[in-house]
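From a predicted model like this one, the values you see are computed outputs, not experimental measurements.
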Protein chains: 2
Amino acid sequence: MENLFRILKKANVPPSMQRIKILEYLQTGHNHPTADMIYQALKGQMPTLSKTTVYNTLRILVEHNLISEFRMFENEVRYEYDPLPHIHFKCDRCGAIYDLHTGAGMLESGMIDGHRITCRQINLKGVCRACLKGSADA
Amino acid sequence: MENLFRILKKANVPPSMQRIKILEYLQTGHNHPTADMIYQALKGQMPTLSKTTVYNTLRILVEHNLISEFRMFENEVRYEYDPLPHIHFKCDRCGAIYDLHTGAGMLESGMIDGHRITCRQINLKGVCRACLKGSADA
DNA sequence: TTCAAGATTGTAATGATTACAATATAAAAT
DNA sequence: ATTTTATATTGTAATCATTACAATCTTGAA
């Protein structure tokens, strides 16, 4: 809590209750929520919270590199706190999104075909481990 | 044209003028259009064309594996005809999307961490070759 | 030729996100 | 501490891609 306060301060984001709570939410096991999921989760403890504030705050946190955003196969942006490079895997059946820290080393080169690569999005789809275990077509 | 007719037939998609024209558009150098771009491009030669038909047709063509769809960093679906596995690269400056057939071999394994991978989306961002050539920070 | 299935169309609805203006809060200056 | 000023938060309305739906048109089979 004090911790989050300092993190925001250090990143030149003036701390506020809303910003602390949203950043805290992303740092405590809630891995790939949408803006609406965050809003739904926090409005209980912050009754005056506005969805616009959630969107504004997420944009600011992304701009200051405190969190990152990505899209998978749906029309919705997901947010995460995870500084390590990794791959997102979404299960076709249960919809869960897994972080794969395996093999994240490929594509490390900053130049491909003369283009300068500054941002990578690697999205996979399929059937996840848990679903495979419970079905016949494993 | 007759060619496209046969392709649709073979894929169990009853051919129609709309379907032929949309598939033709994707096969003739128009690489990553959105549904709206296709609609705008074709309504000149097909005045009665409806945007709903464009969406319906694209969905059908995707379902029958005649084309594929993907999203990059914006809220819009893009469509392409390109059977080869490749990586999409979007230039931060001009917005152009390049197909990179370089190094598409990595991530080839069908299993990662016990998940079955059936679909891959690899999106890169940065500054493209053409933009770099015309600027000082190359 | 008739009929039925499927294709196309236009309009209205949806859902995520953004724009905007008003209010509230916090920081700076006196 | 009080005033002033900048910034943050909020609610409502707008936007934009996409989808739902119902009506009309085509087409292939009987």
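Using a distance-only test at 3.5 Å, with no hydrogens or angles considered, a donor-acceptor pair links the side chain of B/His64 to the main chain of B/Ile60. Judged by distance alone, with hydrogens and angles left aside, the side-chain atoms of A/Arg78 form no donor-acceptor pair with the main-chain N or O of A/Met72 at under 3.5 Å. The main-chain N or O of A/Leu49 is never found under 3.5 Å from a side-chain atom of A/Thr53 such that the two would form a donor-acceptor pair.
Residue B/Leu8 contributes atom CG, which lies 15 Å from atom C1' of C/dG6 at whole-angstrom precision. Remark: P of C/dT17 and CD1 of A/Ile38 are 10 Å apart, rounded to the nearest angstrom.
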Shorter than 3.5 Å, N or O on both sides, protein versus nucleotides 23-27 of chain C: list them out with atom names.
none

Dump every N/O contact between nucleotides 28-30 of chain D and the protein below 3.5 Å, one line per pair.
none

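For the atom pair A/Thr28 OG1 and A/Lys21 NZ, the distance stands at 9.5 Å (nearest 0.5 Å).
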### Query
Going through the checks in order, is the side chain to side chain contact (heavy atoms under 4.5 Å, CB included) test met by A/Arg129 and A/Tyr98?
CA-CA 10 Å; A/Arg129 190 169 48 196; A/Tyr98 294 77; 4.1 Å; yes

### Message
Is there a side chain to side chain contact (heavy atoms under 4.5 Å, CB included) between A/Met37 and A/Thr34? Walk through the geometry before answering.
### Response
CA-CA 5 Å; A/Met37 289 164 72; A/Thr34 62; 3.2 Å; yes

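Taking the six-membered ring where the residue is Trp, A/His32 and A/His88 present perpendicular rings, their angle passing 60° and hence far from 30°.
Put simply, the side chain of B/Tyr55 does not reach to within 4.5 Å of the side chain of B/Arg59, judged on heavy atoms. Considering only heavy atoms from C-beta on, B/Pro33 comes within 4.5 Å of B/Leu26 through its side chain.
For A/Tyr39 against A/Ser50, the heavy-atom pair with the smallest separation is CE1-C, 4.0 Å.
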### Message
What does the B/S/- profile of nucleotides 8-27 of chain D look like, 5' to 3', with a 4.0 Å heavy-atom cutoff to protein?
### Response
SSBBB----SBBBB------

